[in-house]
Number of protein chains: 2
Amino acid sequence: MLRMTRQRSAVQELLDRTDDFRSAQQLHEDLRASGSSIGLATVYRTLQSLAEADAVDVLRGDDGEALYRRCARESHHHHLVCKHCGRTVEVEGAPVERWADKVAEENGFVDVDHTAELFGTCGRCAGHQRTG
Amino acid sequence: MLRMTRQRSAVQELLDRTDDFRSAQQLHEDLRASGSSIGLATVYRTLQSLAEADAVDVLRGDDGEALYRRCARESHHHHLVCKHCGRTVEVEGAPVERWADKVAEENGFVDVDHTAELFGTCGRCAGHQRTG
DNA sequence: TTATCTGCAAACATTTTGCAGCGAG
DNA sequence: CTCGCTGCAAAATGTTTGCAGATAA
């Protein structure tokens with residue numbers, strides 16, 4: 001059903017060696033830059049199918065742009081993302097899950113999903129800046 | 001510096017009597033439908049300035065579309081949104097704030113912001129559906 | 001072989017912007 | 001009166017889609 005093409009493996013391999021969240025367009029540029037000939041539409045289509053298969057995590061940037069990342073853990077988790085360098089740490093969120101459940105119950109909601117992501121400045125980037 | 005025009009107050013008044021998160025285009029349609037003549041660009045510009053002034057909350061839908069809502073509380077809070085009818089409850093998130101601080105510290109991040117929103121089915125909508 | 005994938009370009013949807021005229025202060 | 005605001009239409013993004021040809025299985 002899913003064919004393994006040159007393009008598809010190029011995208012997957014790039015994601016495997018990329019640590020931060022990147023847009024479809026950035027990934028397309030990265031691939032072109034590293035010699036892979038691939039169309040932008042193919043990148044979009046590939047990312048879409050990877051996202052559907054839960055093989056990549058999708059985040060929405062401030063401007064609504066979709067950002068993709070291949071995460072190490074398969075189970076539910078959240079992200080701590082550096083606003084400056086994009087470095088991303090996968091984190092557990094047990095307190096968030098408990099909070100979500102409690103709030104849902106208190107308000108008579110069922111089947112409640114949640115999003116929770118953290119954005120800040122990593123130690124490395126903080127070190128490079130003026131101390132303010 | 002900010003002029004109070006007919007269009008601007010129309011948008012604000014509409015937001016005041018709207019309970020759920022709505023897109024710029026929906027708000028524009030609502031205004032047109034209720035007889036207000038206003039351009040779509042003006043709605044976008046007004047929402048943008050309201051958002052900058054923290055007078056409205058902005059959320060990103062699944063497709064990246066920006067959704068706006070005038071919230072009762074001025075202080076930091078989160079939302080529990082019904083996926084079916086859009087009904088929205090403003091909720092406190094003390095456990096989330098604590099979690100964010102802790103995770104940030106453990107990973108050497110500073111200046112950490114967070115997003116945390118809940119999406120589910122409200123009691124009213126759950127009642128209307130088959131029990132499964 | 002053949003159904004799926006690819007690349008391109010055109011279509012789309014949302015949001016932004018340039019500019020001439022309007023109108024709040 | 002003046003400068004910011006408005007409306008329109010055009011442009012800029014980001015993403016999706018139609019189709020003819022390429023290709024994995």
Side-chain angles (χ1 to χ4, degrees), chain A residues 1-15 18 20-70 81 86 115 117, chain B residues 1-15 18 20-70 86 115:
Chain A
M1 178 133 207
L2 261 212
R3 277 186 197 172
M4 187 46 57
T5 62
R6 176 177 57 79
Q7 293 87 339
R8 207 160 283 190
S9 31
V11 171
Q12 294 190 23
E13 278 163 31
L14 172 56
L15 286 168
T18 301
D20 49 341
F21 277 92
R22 301 185 76 73
S23 69
Q25 317 227 21
Q26 286 176 320
L27 291 168
H28 178 241
E29 278 173 36
D30 294 349
L31 288 165
R32 288 297 186 100
S34 62
S36 280
S37 135
I38 183 173
L40 179 56
T42 301
V43 175
Y44 274 107
R45 281 187 280 232
T46 303
L47 289 171
Q48 198 172 305
S49 75
L50 287 172
E52 268 164 30
D54 287 312
V56 291
D57 280 24
V58 189
L59 226 58
R60 290 279 170 182
D62 265 357
D63 55 353
E65 196 180 13
L67 302 173
Y68 302 85
R69 179 177 192 268
R70 167 120 183 80
V81 182
T115 65
E117 308 295 342
Chain B
M1 178 128 210
L2 260 213
R3 277 186 197 172
M4 188 45 58
T5 62
R6 176 178 57 79
Q7 293 86 339
R8 210 160 282 189
S9 32
V11 172
Q12 295 190 23
E13 277 163 30
L14 173 56
L15 286 167
T18 302
D20 49 342
F21 278 91
R22 299 184 77 73
S23 70
Q25 317 228 20
Q26 286 176 320
L27 292 167
H28 179 240
E29 277 173 37
D30 293 349
L31 287 166
R32 287 297 186 99
S34 62
S36 279
S37 133
I38 184 173
L40 179 56
T42 300
V43 175
Y44 274 107
R45 281 188 279 232
T46 302
L47 289 170
Q48 197 171 305
S49 74
L50 287 171
E52 268 164 30
D54 286 312
V56 292
D57 281 24
V58 189
L59 227 60
R60 291 279 169 181
D62 265 356
D63 55 351
E65 196 181 13
L67 302 173
Y68 302 85
R69 180 177 192 267
R70 168 119 183 82
T115 65

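No hydrogens, no waters, no symmetry mates; every other heavy atom, side chains included, goes into these values. Residue numbers begin at 1 in each chain, while the letters A, B, ... track the order of the sequences.
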Review point. So do A:T18 and A:R69 actually touch side chain to side chain, heavy atoms under 4.5 Å?
Key: no

Check your understanding: Going from OG on A:S23 to CG on A:L59, what distance comes out if it is rounded to the nearest 0.5 angstrom?
Key -> 12.5 Å

Check your understanding: Taking five pairs at each end of the helix from C:dT1-D:dA25 to C:dG25-D:dC1, what angle separates the two helix axes (nearest 10°)?
Key -> 40°

Review point. With a 4.5 Å limit on heavy-atom distance, are the side chains of A:I38 and A:V11 in contact?
Key: yes

Check your understanding: Over how many whole Å does the gap from A:Q25 atom CD to D:dT16 atom C1' extend?
Key -> 12 Å

Point to revise | Side-chain donor/acceptor of B:R70 to backbone N/O of B:A55, under 3.5 Å | key: yes

Review point. What's the CG-P distance between B:L27 and C:dT14, to the nearest Å?
Key: 13 Å

Review point. Do the charged groups of B:D30 and B:R22 touch, with an N to O distance under 4.0 Å?
Key: yes

Check your understanding: Among residues 56-70 of chain A, which residues get a heavy atom nearer than 4.0 Å to DNA chain D?
Key -> A:E65, A:A66

Practice item. May I ask you to test the A:L15-A:L50 pair for a side-chain heavy-atom distance under 4.5 Å? Key: yes

Point to revise | Atom-to-atom span, CD of B:Q7 to C1' of D:dG7 - whole angstrom | key: 9 Å

**Study point:** Donor-acceptor side-chain pairing of A:Q25 and A:Y44 below 3.5 angstrom
**Key:** yes

Practice item. Identify, residue by residue, the members of residues 29-47 of chain B with a heavy atom below 4.0 Å from DNA chain D, and return them in order of residue number, or none. Key: B:R32, B:S37, B:I38, B:G39, B:A41, B:T42, B:R45

Review point. For A:L50 and C:dC5, what is the distance between atoms CG and P respectively, to the nearest whole Å?
Key: 12 Å

Exercise for review: Would you kindly give the NE2-to-C1' distance between B:H28 and C:dT14, to the nearest whole Å?
Suggested key: 14 Å

Check your understanding: OP1, OP2 of C:dG23 versus side-chain N and O of B:T5: anything below 4.0 Å?
Key -> no

Check your understanding: Hey, does the side chain of B:R8 come within less than 4.0 Å of D:dT6's phosphate (OP1/OP2), counting only N and O?
Key -> yes

**Study point:** Spacing between A:L2 atom CG and C:dT6 atom C1', to the nearest angstrom
**Key:** 15 Å

Check your understanding: Between A:R60 (side chain) and B:R60 (backbone), is there a donor-acceptor pair under 3.5 Å?
Key -> no

Revision key, fill the gap. Atom CZ of A:R6 and atom P of C:dT6 are separated, to the nearest Å, by 9 Å

Check your understanding: Looking at C:dT4, C:dG7, D:dG4, which one has an atom nearest to any side-chain atom of B:R3?
Key -> D:dG4

**Study point:** Test item: A:R45 and A:R8 side chains (from C-beta on) under 4.5 Å apart, heavy atoms
**Key:** no

**Study point:** pair B:V43-B:L31: side-chain heavy atoms closer than 4.5 Å
**Key:** yes

Check your understanding: Under a 4.5 Å cut-off applied to non-hydrogen side-chain atoms, are A:M4 and A:Q12 in contact?
Key -> yes

